[in-house]
Amino acid sequence: MYNAEPHSAIRDARVTAVIERLQATRRAPVRGNPMQSGSLDPLDYAEQGFSIHPEQGELIYLLCRGLRAQRVAEFATSVGMSTLYFAAAMRDNGGGTVIGSEIVPAKVAAAKRNLADAGLADYADIREGDARKTLRDLGGPVDFILIDGWPGDKGPTLARQVIEIVAPQLRVGGYVMNDNAEADFLEFVRGPDNGFVSITLPLKGGTELCLKVA
């Protein structure tokens, strides 16, 4: 019989407590969101965490466990919801690092506090600054990348710019998850010459999961 009760693959109560706290405090920012308020300055939302939903995090955790992932990356870290799932997988795989990028200093501090509260601080490297710089050198091949980008006002989206930077650093057989389905990101991962196959999953209104095959 199908059980509709929420269930986490993460068995550490300390980690799930922090995730539950973050989920419980999720709220719309005072200014609305970047697509409604008119402001695209991430500093205007320093007190608001824009994060993946737990069902996306659970999928990240399971895929990273299945890959035996040891090095992963994400854009953007925000207050660390996705980072918790990645870091828990790294620890439970026997060790590893999630390399995060976040441009808002207050959110970097919040993410580090949340990781410390969960006992996962040793498994994360949060780099403060523009992801187009902080993720340019990941120090070697990575197994999984989350791209949960920030909307831009013109030209290529940040998601498209970041995927072009990090795709060569992702190993064949590794995954990319995209949260916002930016049209030019989808154009890249679905292009026949870029080495990916992808599907759209019915999570959070549409989550793109991409596998690097070449």
Side-chain angles (χ1 to χ4, degrees), residues 33-35 39-43 45 50-52 56-57 59-60 63-64 67 69-78 80-83 85-87 89-90 96-104 107-108 111 124-201 203-214:
N33 66 54
M35 302 308 294
S39 173
L40 294 177
D41 185 347
L43 294 174
Y45 307 93
F50 296 101
S51 302
I52 63 167
Q56 295 169 300
L59 180 58
I60 285 172
L63 289 172
C64 286
L67 286 170
Q70 294 185 319
R71 301 184 68 256
V72 298
E74 63 174 9
F75 161 63
T77 293
S78 188
M81 175 73 95
S82 54
T83 324
Y85 287 99
F86 275 125
M90 299 303 98
T97 302
V98 49
I99 301 168
S101 180
E102 175 54 53
I103 201 168
V104 180
K107 291 184 177 180
V108 173
D125 170 17
I126 310 301
R127 300 177 180 180
E128 184 178 320
D130 188 322
R132 291 168 294 187
K133 297 179 180 178
T134 59
L135 301 183
R136 188 163 292 278
D137 182 1
L138 296 174
V142 294
D143 303 297
F144 199 117
I145 300 168
L146 171 67
I147 296 182
D148 185 7
W150 188 257
D153 57 353
K154 58 183 178 180
T157 65
L158 284 173
R160 174 60 182 260
Q161 294 178 65
V162 171
I163 187 61
E164 290 186 0
I165 291 167
V166 299
Q169 303 179 76
L170 179 70
R171 71 169 176 87
V172 172
Y175 288 98
V176 175
M177 181 182 287
N178 169 252
D179 185 45
N180 296 321
E182 292 90 341
D184 57 355
F185 172 90
L186 297 179
E187 179 185 48
F188 180 88
V189 295
R190 295 175 181 176
D193 299 325
N194 294 321
F196 287 92
V197 293
S198 74
I199 57 171
T200 303
L201 304 176
L203 302 175
K204 198 183 174 185
T207 297
E208 197 74 7
L209 182 64
C210 319
L211 172 67
K212 186 172 181 179
V213 294

Query raised in the report: Considering residues at least two apart in sequence or located in another chain, which fulfil the ring-ring contact (aromatic ring centres under 6.0 Å, His included) criterion with F86?
Result: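 For F86, the residues satisfying ring-ring contact (aromatic ring centres under 6.0 Å, His included) (neighbours in sequence not counted) are F144.
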Just so I know, are the side chains of [X] and [Y] near enough to count as touching, which here means a heavy-atom distance under 4.5 Å?
X: F185; Y: C210; value: yes
X: V72; Y: I60; value: no
X: R127; Y: I99; value: yes
X: V176; Y: V166; value: no

Considering all heavy atoms, the nearest [X]-[Y] contact:
X: L67; Y: G173; value: CD2-O, 3.6 Å
X: A214; Y: V172; value: C-CG2, 4.0 Å
X: F75; Y: A131; value: CD1-CB, 3.4 Å
X: T83; Y: A124; value: CG2-CB, 4.2 Å

Query raised in the report: Considering residues at least two apart in sequence or located in another chain, which fulfil the side-chain hydrogen bond (donor to acceptor under 3.5 Å, both in side chains) criterion with Q56?
Result: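 Once residues adjacent in sequence are excluded, the partners of Q56 under the side-chain hydrogen bond (donor to acceptor under 3.5 Å, both in side chains) criterion are D179, T207.
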Report task. Give a yes or no on this: more than 12 heavy atoms of other residues, nucleotides or ligands lie within 6.0 Å of atom CD of E128. Result -> yes
Measure the [atom1]-[atom2] distance between [X] and [Y] for me, rounded to the nearest 0.5 Å.
X: I52; Y: D148; atom1: CD1; atom2: CG; result: 7.5 Å
X: L135; Y: I145; atom1: CG; atom2: CD1; result: 8.0 Å
X: N180; Y: L186; atom1: CG; atom2: CG; result: 10.5 Å
X: K133; Y: I103; atom1: NZ; atom2: CD1; result: 9.0 Å

Requested in this report: Could you tell me whether the side chains of D184 and T157 share a donor-acceptor contact shorter than 3.5 Å?
Outcome: yes
Using the side-chain contact (heavy atoms from CB on, under 4.5 Å) criterion, which residues pair with [X]? Sequence neighbours excluded.
X: A167; value: I163, F188, F196
X: I165; value: R132, R136, Q169
X: A111; value: T77

Query raised in the report: Is the side chain of E74 donor-acceptor paired with the backbone N or O of V98 at a distance under 3.5 Å, no angle test?
Result: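 No: the side chain of E74 does not pair with the backbone of V98.
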Query - E102 side chain to S78 backbone, donor-acceptor under 3.5 Å - result: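 Checked: pair present.
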Query - Intermediate values then yes/no, side chain to side chain contact (heavy atoms under 4.5 Å, CB included), L209 and L203 - result: CA-CA 10 Å; L209 182 64; L203 302 175; over 6 Å; no
Query raised in the report: Can a salt bridge be assigned to the pair D143 and R171 using a cut-off of 4.0 Å between side-chain N and carboxylate O?
Result: yes
Requested in this report: With sequence neighbours excluded, give me every side-chain hydrogen bond (donor to acceptor under 3.5 Å, both in side chains) pair touching residues 185-194.
Outcome: R160-E187, R190-T200, R190-E208
